[in-house]
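Order of the sequence lines sets the chain letters (A, B, ...), proteins ahead of strands, with each chain counted from 1. The shown structure was predicted, so the numbers you read here are calculated from the model rather than taken from an experiment.
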Protein chains: 2
Amino acid sequence: MKLNPHISVDCVIFGFDGEKLKILLLKRNISEDGNPVSSVDYKLPGNFISDEEDLNTAANRVLKDLTGLENIYLKQFKVFGKPDRVSKEKDLKWLHDTTGLPIRRVVTVAYYSLIEINRSKIELTGNNKAEWVSIEEARELAFDHNDILNAGLSTLRTKLQFEPVGMELLPEKFTLRQLQTLYEIILSRKLDNRNFRKKVLKVNYLTAMNEKEKDVAHKPAQLYSFNKELYLNNFIQFEGFQF
Amino acid sequence: MKLNPHISVDCVIFGFDGEKLKILLLKRNISEDGNPVSSVDYKLPGNFISDEEDLNTAANRVLKDLTGLENIYLKQFKVFGKPDRVSKEKDLKWLHDTTGLPIRRVVTVAYYSLIEINRSKIELTGNNKAEWVSIEEARELAFDHNDILNAGLSTLRTKLQFEPVGMELLPEKFTLRQLQTLYEIILSRKLDNRNFRKKVLKVNYLTAMNEKEKDVAHKPAQLYSFNKELYLNNFIQFEGFQF
DNA sequence: TAAGCTTAACGTATTTTATACGCTAAGTTT
DNA sequence: AAACTTAGCGTATAAAATACGTTAAGCTTA
């Protein structure tokens, strides 16, 4: 029996809660026959794509179905396509086909997405329960999803050096401290706050709001917002903060 | 009738002849019924992949079948997958399937490759004739191959800024002048030769040979080679020349 | 209410890196 | 031997990255 190749889209969805970098995973608590499973299983959100669907459309659909959000930062970053992808027996139960056949080979187009964690209304019902998991805890994923996650994380780190993508993970109004903490966490190192501030304020696409931080036990900081249009207009090839 | 998605691998193969940046294209001179065609048609080398084949393996196979070369710089850079990819009637004749059906949708995993132009023994026979075409002349490609080519070129330019990939396009022994010319052509601007030399000689992965240029009508230059192992060992995340 | 704590916010000195440009050397061609 | 061409070394200046000092503004607590 010859099986056709199937194309799926998987998304590494990043979020930031102010302290940790997180990713949105699907947790399988209950096996298909209704019995509880002993081992906890996570997988990246994803789906097979239909013949008529554009890849980017499919990725956006996965994101919308899960979070309810649209027009979100979402970029393709790699394709995974080993034919022996499904090697472990237990992984087979994750795989469905419209024909009901098990799938021996899947080509996965991997996307990474940056979303503001509080805007997402994640789906808590159903068999696949969505959950924000911090990077350190996100190990032991199904299939080759660990590889995909690591590749996505590496892409995010690299991207951050050359394009101001950090703002996508923050609320519309944010302080420079929040931005710096985010950079520090993604890059895994401390940054000098005075130099960070200098570099960041040199660009013109950060607009100071007429507003300050509230309910903090110290001097409240100025709030800023990211002017995406202004950034895109001045964008030549690369622009961002290099640390 | 429901058609299954098909996955193909297309390669943007770059070469450098000392003066121009070129890409390896397949030229179709004769139509399928044997009559000459009026319009010249080019396409990128590529192939459909079988169910059992790894994507990278498939790309390497395309490269080897065409040039006879193995272990060549070859990197995946983007996936193209609009369902309406085949829109023009004339493009249909390029598409085959093992079943003989026309293909309505193809997902293409695009690779770019850097090869030393003189090492390739390209296949000059057969219906699809391979030809090195300079970038400026490479217009009017079949399907969405123009998009793929442009994306590949953009990837190469960006990559060059951060990793020393230029050497892949040069012979094993090369002069700094050759290297500079290559950089100038890919980046489309003149570089100061004294500063270029300073920056390039600071790295440790360029080894001076005990040999000089020959048969030139001026002072012969020192020959260098690229020590790939040394580069990869010292490689942290990015290293290269930024101009 | 004053002292102490925390983070915001501004500034300066130093080092490193990038850029601009002058000049001599070693070959070939005429 | 003079003219020509590219190789190859150096220095002076500008720009960017880094290190670090200091005051300000609000909150908490004694």
Side-chain angles (χ1 to χ4, degrees), chain A residues 18-19 160-164 166 170-171 173-185 187-204 206-225 234 236-243, chain B residues 18-19 160-164 166 170-171 173-185 187-204 206-225 234 236-243:
Chain A
E19 290 182 359
L160 196 71
Q161 302 272 353
F162 303 107
E163 286 184 43
L170 293 173
K173 299 172 182 176
F174 54 86
T175 68
L176 296 188
R177 164 55 48 192
Q178 287 177 294
L179 188 63
Q180 184 180 336
T181 303
L182 175 60
Y183 270 78
E184 290 180 335
I185 283 167
L187 299 175
S188 320
R189 63 191 168 95
K190 285 277 166 204
L191 303 173
D192 183 280
N193 73 330
R194 293 153 292 188
N195 294 334
F196 181 87
R197 165 175 283 271
K198 247 181 293 182
K199 191 173 286 193
V200 158
L201 290 177
K202 255 197 312 204
V203 303
N204 65 353
L206 278 188
T207 334
M209 305 278 93
N210 287 325
E211 228 178 306
K212 297 207 167 186
E213 219 179 356
K214 272 184 220 163
D215 302 322
V216 282
H218 55 79
K219 174 175 175 181
Q222 174 76 49
L223 289 171
Y224 289 86
S225 77
N234 292 18
I236 311 291
Q237 177 154 19
F238 275 137
E239 198 171 336
F241 314 125
Q242 272 175 266
F243 298 101
Chain B
E19 290 182 359
L160 196 71
Q161 302 273 352
F162 304 107
E163 287 183 44
L170 293 174
K173 300 173 183 177
F174 53 86
T175 67
L176 296 188
R177 164 55 48 192
Q178 285 177 295
L179 188 63
Q180 183 180 338
T181 303
L182 175 60
Y183 270 78
E184 288 180 337
I185 282 167
L187 299 175
S188 319
R189 65 192 165 93
K190 285 278 166 203
L191 303 172
D192 183 280
N193 75 328
R194 292 153 294 192
N195 294 334
F196 181 86
R197 164 177 283 270
K198 246 181 292 182
K199 190 174 287 192
V200 159
L201 291 178
K202 254 197 313 202
V203 303
N204 64 354
L206 278 188
T207 334
M209 305 278 93
N210 287 325
E211 230 178 305
K212 297 209 167 185
E213 220 178 355
K214 274 184 219 162
D215 303 322
V216 282
H218 54 78
K219 174 175 176 179
Q222 175 77 50
L223 288 171
Y224 290 86
S225 77
N234 293 18
I236 311 290
Q237 178 152 23
F238 275 137
E239 197 171 334
F241 314 124
Q242 271 175 268
F243 298 102

Partners passing side chain to side chain donor-acceptor pair (under 3.5 Å) against [X] (at least two apart in sequence or in another chain):
{"X": "Asn193(A)", "answer": "none"}
{"X": "Glu213(A)", "answer": "none"}
{"X": "Lys212(A)", "answer": "none"}
{"X": "Glu184(A)", "answer": "Gln180(A)"}

Measure from [atom1] on [X] to [atom2] on [N] and round the result to the nearest Å.
{"X": "Arg189(A)", "N": "dA17(D)", "atom1": "CZ", "atom2": "P", "answer": "12 Å"}
{"X": "Leu176(B)", "N": "dC9(D)", "atom1": "CG", "atom2": "C1'", "answer": "13 Å"}
{"X": "Phe196(B)", "N": "dG8(D)", "atom1": "CZ", "atom2": "P", "answer": "13 Å"}
{"X": "Arg197(A)", "N": "dA24(D)", "atom1": "CZ", "atom2": "C1'", "answer": "12 Å"}
{"X": "Lys190(A)", "N": "dT7(C)", "atom1": "NZ", "atom2": "P", "answer": "10 Å"}
{"X": "Asn193(B)", "N": "dC9(D)", "atom1": "CG", "atom2": "C1'", "answer": "11 Å"}
{"X": "Lys202(B)", "N": "dT19(C)", "atom1": "NZ", "atom2": "C1'", "answer": "12 Å"}
{"X": "Gln161(B)", "N": "dT17(C)", "atom1": "CD", "atom2": "C1'", "answer": "16 Å"}

Sequence neighbours left out, what passes side-chain contact (heavy atoms from CB on, under 4.5 Å) with Arg197(B)? Give chain and number order. Leu176(B), Leu201(B)
Output all residues satisfying side-chain contact (heavy atoms from CB on, under 4.5 Å) with Lys173(B), sequence neighbours left out; order by chain, then residue number. Met209(B), Glu211(B), Leu223(B)
To the nearest 0.5 Å, tell me how far Lys198(A) NZ sits from Asp192(A) CG. 7.5 Å
Tyr183(A) vs Phe196(A) aromatic rings, parallel, tilted or perpendicular, using cut-offs 30° and 60°? perpendicular
For nucleotides 11-13 of chain D, give me every protein contact, N/O to N/O, under 3.5 Å, one pair per line with atom names.
unit_1  : atom_1 : unit_2    : atom_2 : d
dT11(D) : O4     : Lys198(B) : NZ     : 2.7

Validation row: Arg177(B), Thr181(B) side chains within 4.5 angstrom (heavy atoms): yes
In residues 211-223 of chain A, what residues come within less than 4.0 Å of DNA chain C, judged by heavy atoms?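 Under 4.0 Å from DNA chain C: His218(A), Lys219(A), Ala221(A), Gln222(A).
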Tell me whether the side-chain N or O atoms of Arg194(B) pair up with the base of dG22(C) as donor and acceptor below 3.5 Å, since no angle test is needed here.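 Donor-acceptor pair under 3.5 Å: yes.
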